[in-house]
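A short worksheet on the structure shown next.
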Amino acid sequence: MSGKKEKAPSMDQWLQEAKEDKNAASCGMYLFHNGVVRQTAKASVRQGEKELPPVAGLILSYDEQKVQKAVEMAKEMPGIYYARVWLNQGELQVGDDMMRVLVGGDIRPRVIDALQALVEEIKLNCVKETEIF
């Protein structure tokens with residue numbers, strides 16, 4: 001893994017590829033998540049800390065094997081037939097893409113749950129984020 005940030009993939013291209021997948025006929029819905037580096041510190045958003053300065057950037061790294069396990073976990077959820085993840089890495093600036101996640105499945109509640117579970121697994125167990133102030 002290099003320290004150089006990457007260009008995010010095209011969601012239009014990803015969606016086209018998902019619709020050509022062997023399981024596409026079982027998918028009635030696709031949802032995607034685009035995580036972006038924000039200026040507000042994680043502790044301010046999650047724990048309500050008020051005295052933190054604005055975030056200037058973020059150092060992001062990840063464990064590829066854990067990410068692949070997370071994708072497989074999502075695909076094992078009921079009604080989920082497609083899941084794909086891209087993660088950036090290195091030193092990112094506010095506004096840069098951190099991640100893209102696409103999930104496809106049979107019905108809305110299952111796809112929403114799978115997308116939420118997959119993003120949470122990635123954020124909690126697959127990536128390391130270090131905010132730069």
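We use all heavy atoms of the structure for the numbers below, so side chains are in, but hydrogens, waters and symmetry mates are not.
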Qualifying residues under salt bridge (Lys or Arg N to Asp or Glu O under 4.0 Å), relative to Asp97, sequence neighbours excluded
Arg100
Using atom types as modelled and distance alone, determine if a side-chain donor or acceptor of Glu131 lies under 3.5 Å from a backbone N or O of Lys42.
yes
Approximate separation, where rounding is to 0.5 Å, of Glu17 CD and Arg84 CZ
4.5 Å
Each residue besides Val55 in its hydrophobic cluster should be listed here, by chain and number; the cluster joins Ile, Leu, Val, Met, Phe, Trp and Tyr at side-chain heavy-atom distances under 4.5 Å.
Phe133
Has Ser44 got a side-chain atom pairing as donor or acceptor with Glu49's backbone, closer than 3.5 angstrom?
yes
Just distance, no hydrogens or angles: give the donor-acceptor pairs under 3.5 Å from side chains in residues 119-126, sequence neighbours left out.
unit_1	atom_1	unit_2	atom_2	d
Glu121	OE1	Asn125	ND2	3.1
Glu121	OE2	Asn125	ND2	3.2
Lys123	NZ	Glu129	OE1	3.4
Lys123	NZ	Glu129	OE2	2.6

Identify, with sequence neighbours excluded, every residue that meets side chain to side chain contact (heavy atoms under 4.5 Å, CB included) alongside Ile107.
Pro109, Arg110
With hydrophobic residues grouped by side-chain heavy-atom distances under 4.5 Å, do Tyr62 and Met98 end up in a single group?
yes
Straight-line distance of Ile80 CD1 to Cys27 SG, nearest 0.5 Å:
8.0 Å
So, using side chain to side chain donor-acceptor pair (under 3.5 Å) as the criterion, who are the partners of Gln39 when residues are at least two apart?
none
Give me the other members of the hydrophobic cluster that Trp86 sits in, counting Ile, Leu, Val, Met, Phe, Trp and Tyr linked by side-chain heavy atoms under 4.5 Å, directly or via other members.
Met11, Trp14, Leu15, Tyr30, Phe32, Tyr82, Leu102
Between Asp63 (side chain only) and Lys66 (backbone N and O only), is there a donor and an acceptor less than 3.5 Å apart?
yes
Point-to-point distance, once rounded to the nearest 0.5 Å, from CD of Glu72 to NZ of Lys75
4.5 Å
Testing the basics here: between Asp96 and Lys5, what is the closest heavy-atom pair and its distance to 0.1 Å?
OD2-NZ, 2.8 Å
As an exercise, state the distance from CG of Leu58 to CD of Glu91, rounded to the nearest 0.5 Å.
9.0 Å
Rounding to 0.5 Å, atoms CG (Asn34) and CE (Met99) come to a distance of 9.5 Å
